[in-house]
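Structure first, then comments.
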Amino acid sequence: VDEIETPVEDELKPFGHDLFTGSPSTFAPVDDAPVPPDYVVGPGDLVEVQIFGKENRQYALTINRDGLIQFPEIGPINAFEQGTDFQSLKTLLRSKILESYGEGVQTSISMGPLRSIRIFLLGDVGHPGSYVVSSLSTLTNALFAGGGVTGVGSMRNIQLKRKGELVGQFDLYDLLLRGDTSDDRQVQSGDVIFAPSVGSVVGVGGAVRRPALYELKDEKELGELLALAGGLLPSSFVNLCRIERIGDSGQREVINVDLGQPEGLAFSLRDGDLVKV
């Protein structure tokens, strides 16, 4: 009887934070992953060069701390002469080999074991500090290594800073809700990944597909919040949606909204609202 009279509702939890509960080693880039053409080469990288045809040679050449490749019989080559990406380095080496050996030789150029780089993970993250990661790591790889975002950290505004300047922002909701990783930038040595404090948070519970606490970014209306929550369940009563809010006077107030009407879906939300369908 007590359970019927006082039903216990599940406490709403921040959406997406369970993404970081698994082992971070699962998300570490593997050593034999293909190197993309726009990979930024740097000191410590190993370049494997095979020459065949008129001449047959094979070399494993390291980029030294001055950015030079000591190529036997050709001499030192500035690895950044035509650019900092792997494709520019391949084009440069092919032209240098052609100049030295002449026509009749072909080349195969690939990356050997990749270097490690040091980055900084700061802000509201699980384990802030300095991390050594693979040079193929992306922003999300580094987040997983650092334990993810804490309960008071923002999931929607992960910042990538390079030499004091903001060079990228990543919204983890894009990854969780749409599988979109287009803004998941590759990190470079010395980069800072910063998770600021959470912005406006609104809770939604009841007859929705994903009851949780959601951080708002561009969403301002009730319909947009329900879209984040996966929409309404077939059992929902759309004519009565209850919104609990702390008013301007500091008193808690309850507002009833009809989701069956356009003005109901356009209802403006505030930080701290609790929506119950």
Sidechain-backbone polar pair: Ser100 side chain, Ile97 backbone, donor-acceptor under 3.5 Å
no
- With no hydrogens and no angle check, is any side-chain donor or acceptor of Ser236 less than 3.5 Å from a backbone partner on Val238?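 Flag not set: sc Ser236 to bb Val238 has no pair under 3.5 Å.
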Please name all residues satisfying side chain to side chain donor-acceptor pair (under 3.5 Å) with [X], sequence neighbours left out, ordered by chain then number.
{"X": "Ser88", "result": "Asp85"}
{"X": "Ser154", "result": "Glu215"}
{"X": "Glu219", "result": "Arg156"}

- Query: So does Glu165 pair up with Lys163, basic N to acidic O under 4.0 Å?
  - Reply: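 Between Lys163 and Glu165 there is no salt bridge, as every charged N stays at least 4.0 Å from the carboxylate O atoms.
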| task | Check whether Val40 and Leu61 end up in the same hydrophobic cluster, where Ile, Leu, Val, Met, Phe, Trp and Tyr are linked by side-chain heavy atoms less than 4.5 Å apart. | result |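 No; Leu61 is not reachable from Val40 via cluster members.
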Q.
Can you confirm whether Lys13 is buried at NZ, in the sense that more than 12 heavy atoms of other residues, nucleotides or ligands lie under 6.0 Å from that atom?
A.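 Atom NZ in Lys13 is not crowded, with 12 or fewer foreign heavy atoms closer than 6.0 Å.
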Practice problem: Mark yes when over 12 heavy atoms from residues, nucleotides or ligands other than Glu73 sit less than 6.0 Å from its CD; otherwise mark no. | Solution: yes
Applied to residues 159-185, the ring-ring contact (aromatic ring centres under 6.0 Å, His included) test, sequence neighbours excluded, yields Phe15-Tyr173
Original post:
For residues 254-277, which residue pairs qualify under ring-ring contact (aromatic ring centres under 6.0 Å, His included), counting only residues two or more places apart or in two chains?
Top reply: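 Found none.
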Among side-chain atoms of Gln87 and Asp38, is any donor-acceptor pair under 3.5 angstrom?
no
Show me the side-chain donor-acceptor pairs of residues 248-258 shorter than 3.5 Å, one per line, residues at least two apart or across chains.
| unit_1 | atom_1 | unit_2 | atom_2 | d |
| --- | --- | --- | --- | --- |
| Asp248 | OD1 | Arg270 | NH1 | 3.2 |
| Asp258 | OD1 | Asn239 | ND2 | 3.4 |
| Asp258 | OD1 | Gly260 | N | 2.9 |

